[in-house]
Amino acid sequence: MSKSLVRVYRVVAALIAGVTLVACSSASPIRPIAAAGLSPDDQAFMQLRDAARQNDVGQAASLAARLSSYPIPSYVEYFALKPQLFDGFGHANPNAPDDQILAYLDKYDGQAIADRLRNDYLLVLGSRHDWKNFDAQYKRFALDDDTQVKCYALESRLNHNENVTEPARALLVEPKNYGDACVDLITAMALKGQLTSDDVWQQIRISYEDNYVNTGNRIADALGQQRPDDTLLDMAANKPPLLLARGVSMNTPSHQLALLAITRMARNDPAVAAATYSSIAQALAPEERSIGWGTIGYQAALKQVPGAVDWYRLSVNAPMSYPAYEWRVRSALAIGDWTMVRWAIESMPGTLRTRPAWVYWHGRALKALGDPVGAAADFGLIASRYDFYGQLATEELGNPITVPARTTVTDDEIRAMRNVPGFALAQRFYAMNLRFEGNREWNWALRGMTDRQLLAAAQYAKSVELYDRVVNTADRTQQEHDFTLRYAAPFKDIVERDAKQNDLDVEWAYGLIRQESRFVIAARSGVGAQGLMQLMPGTANLVARKIGLGSLSSDQMSDIDTNILLGTTYLSMVYNQFDGSAVLASAAYNAGPGRSRQWKAALTKPEEGAIFAETIPFTETRDYVKNVLSNTVYYAALFEGKPQSLKVRLGFIEP
């Protein structure tokens, strides 16, 4: 009997017997405590957490009272206090209890959860325009990763008569993160003359473009007396043909409303929008005209509509959203127009232009246009990065991809990590399957660590089998590295065996698992994907039936042995469907085979794998493919002990 059949029969027998297969690793993996196995207090704690997330003041207070002796008082008190800062819609409560908040911040000063409450409190203080107390708390704020808090911080500076135009332009690029704070900042800047009416209209347009119409309409208040009435805004957003049928008057609001309407039409059908726009564009000023063509080009490029690049050519000097600037480059890459690639990148705002992707593609454009010196300068800027673009730039400079020298830490350095308070608390949260809180505590403990300390912390995480923390912690080092940690390879006997049985490169399987789950056994996505290889239930059951396993339970899908068997089998299936292209198969694993076939069908000529990956329309899948292939190259360098080529793995995609 073949090894493959032995393997299948062993899994089938175990499933029939109701036995959970155990990974054949050197130590049993830590598994989250099942909800049914939690103590009554632990269950009440988790209910308290949910009540806090829903800003349910009464339920949170009742549960907190039951947990007066719970061993994590800082979190019990936080979950009881937080709902008092916000209403049921997430808006800041102007009557939040300042004395209780300040007492909490003093009591737990320096802890991760106190910084979380400070984040919440800053939103309250900002909404009150209490800039004196806001500034006092902001100075003590550590993480500062909340866009709304940053908007209030800029508004405070504005209140002190500072010019905040440039940092605001760099920050105000993603309407989904605006909330109350950034809308407030836009209004305040307009009143101070630091944003023009054209700037405000641009913010409304990018909100409409992202389908955040309500946010755009709130931003419209910053126009003051020039604000169109709600009826016209509603027509532009929801009935654009009706608004355009009214004609375009000679005043600015009429022009801007027409651009809003075209923005909305282009989301639905770029070709129809282009035909409609052709009949009204001459009524607009030249810059206004280019804005309309830019938004049509953007939506057309996203939908892979022929002609997108031609509409983009008409967008000269148009102020656009960041995604629209990026897709102008991608539309030029797709047809191999390196002159347009160069121009499109050089037309980007500076904060966008310096991102690694556009530094790399600018270098490629210079190389294609006969400027090898300029190209090498660009590649040199990013070749030291350990990521997709750093790898590509390294190869453009004529160097193979290798792993850096390994820094080893001592047993004493690793043992010292056992005494880090944040790590112990993180492990308690992980045991309750509270990964959000666990990650917060773990990451807080890493602040200020040297490279050696980070590597010691990663080794400690490995010793307690927190493999996602191994990877994420080792990934933070700047000068000293250990890629056996950054690209950890747990469960290797299982992954290697199943990959070989399915004729897959084991390094590719690891590259995918690292991206999918970071080796979290019980990982579950918001859409229901499960386990190390993040299989959707429908996909898992399809593969299980194909290899004779029948239907699977949720627990069986998350079992290490079963999940890796099904995941590698499915990866092999899509790999064979796409003629051995790791790029297309990785895209299919993430977005489904139908999407990969659709994107391949849009090609008219063979396309470089790097360009194909760059022009995948779905942001998640585009980043996924790049990360999986980048991971694969480093795993191959580690497993094979020799230099690698990302370009070879990307290959060419045939139409």
Side-chain angles (χ1 to χ4, degrees), residues 25-33 38 41-42 45-46 49 69-79 104-119 140-145 406-488 490 514 517-523:
S25 53
S26 58
S28 298
I30 293 176
R31 297 178 184 272
I33 299 171
L38 296 175
D41 279 356
D42 287 337
F45 180 78
M46 296 181 76
R49 172 181 178 259
S69 300
Y70 197 70
I72 318 175
S74 59
Y75 273 80
V76 172
E77 293 174 38
Y78 169 75
F79 288 144
Y104 182 97
L105 293 174
D106 286 341
K107 183 177 181 180
Y108 297 109
D109 187 41
Q111 295 187 27
I113 193 61
D115 204 61
R116 176 64 254 177
L117 183 67
R118 182 167 282 114
N119 189 122
R140 302 176 66 183
F141 190 39
L143 293 183
D144 198 16
D145 57 358
R406 183 184 180 191
T407 296
T408 57
V409 292
T410 66
D411 290 342
D412 286 343
E413 289 174 295
I414 299 169
R415 278 192 292 269
M417 294 297 153
R418 296 177 183 170
N419 301 318
V420 176
F423 290 169
L425 183 52
Q427 286 174 261
R428 180 184 178 90
F429 284 136
Y430 291 140
M432 297 171 69
N433 205 21
L434 299 178
R435 299 209 69 83
F436 180 83
E437 286 76 14
N439 290 348
R440 174 196 287 144
E441 291 294 337
W442 187 278
N443 293 340
W444 182 264
L446 299 179
R447 293 176 313 119
M449 284 191 178
T450 65
D451 282 354
R452 289 191 66 86
Q453 288 173 319
L454 289 169
L455 294 176
Q459 286 283 10
Y460 170 70
K462 183 178 180 181
S463 73
V464 294
E465 298 185 348
L466 290 172
Y467 295 115
D468 66 317
R469 294 303 96 195
V470 176
V471 171
N472 287 21
T473 303
D475 209 30
R476 292 170 177 250
T477 60
Q478 299 297 313
Q479 302 297 328
E480 299 182 83
H481 307 290
D482 183 347
F483 269 42
T484 66
L485 297 173
R486 189 177 289 205
Y487 293 88
R514 184 183 189 270
S517 66
R518 284 291 200 270
F519 308 104
V520 176
I521 298 165

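Values below: every heavy atom of this structure, side chains too, minus hydrogens, waters and symmetry copies.
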Parallel, tilted or perpendicular: which fits the ring planes of Trp442 and Phe423, with parallel below 30° and perpendicular above 60°? parallel
Any side-chain heavy atom of Thr473 within less than 4.5 Å of one from Leu485? no
Closest non-hydrogen atom pair between Leu454 and Arg476, with its separation: CD1-CB, 3.8 Å
Suppose we screen for side-chain hydrogen bond (donor to acceptor under 3.5 Å, both in side chains). Which residues come up paired with Thr410, at least two apart in sequence or across chains? Glu413
Between side-chain atoms of residues 414-422 and protein atoms elsewhere (two or more places apart, or another chain), which donor-acceptor pairs fall under 3.5 Å?
unit_1, atom_1, unit_2, atom_2, d
Arg415, NH2, Asp412, OD1, 2.3

For Asn439, does its backbone N or O pair with a side-chain atom of Asn443 as donor and acceptor, under 3.5 Å? yes
Those residues that, when tested against Tyr104, pass ring-ring contact (aromatic ring centres under 6.0 Å, His included) (two or more places apart): Tyr108
Mind checking salt bridge (Lys or Arg N to Asp or Glu O under 4.0 Å) for Arg447 and listing every partner two or more places apart, or none if nothing turns up? none
Restricting to salt bridge (Lys or Arg N to Asp or Glu O under 4.0 Å), what partner residues turn up for Arg116, sequence neighbours left out? Asp120
Residues that Asp106 engages under side-chain contact (heavy atoms from CB on, under 4.5 Å), provided they are two or more places apart: Arg140
Any side-chain heavy atom of Arg428 sitting closer than 4.5 Å to one from Glu437? no
I'd like to check Phe483 versus Arg406 (side-chain heavy atoms, cut-off strictly below 4.5 Å). Are they in contact? no
ring-ring contact (aromatic ring centres under 6.0 Å, His included) filter on Phe429, not counting sequence neighbours, yields Tyr75
Please name all residues satisfying side-chain hydrogen bond (donor to acceptor under 3.5 Å, both in side chains) with Ser517, sequence neighbours left out, ordered by chain then number. none
Could you list the residues that satisfy side-chain hydrogen bond (donor to acceptor under 3.5 Å, both in side chains) with Ser74, not counting sequence neighbours? none
Under the rule for side-chain contact (heavy atoms from CB on, under 4.5 Å), what residues qualify as partners of Asn472, not counting sequence neighbours? Arg469, Arg518
With Asp451, which residues qualify under side-chain hydrogen bond (donor to acceptor under 3.5 Å, both in side chains), at least two apart? none
Taken in chain and number order and not counting sequence neighbours, the residues that satisfy side-chain contact (heavy atoms from CB on, under 4.5 Å) with Ser463 are Tyr460
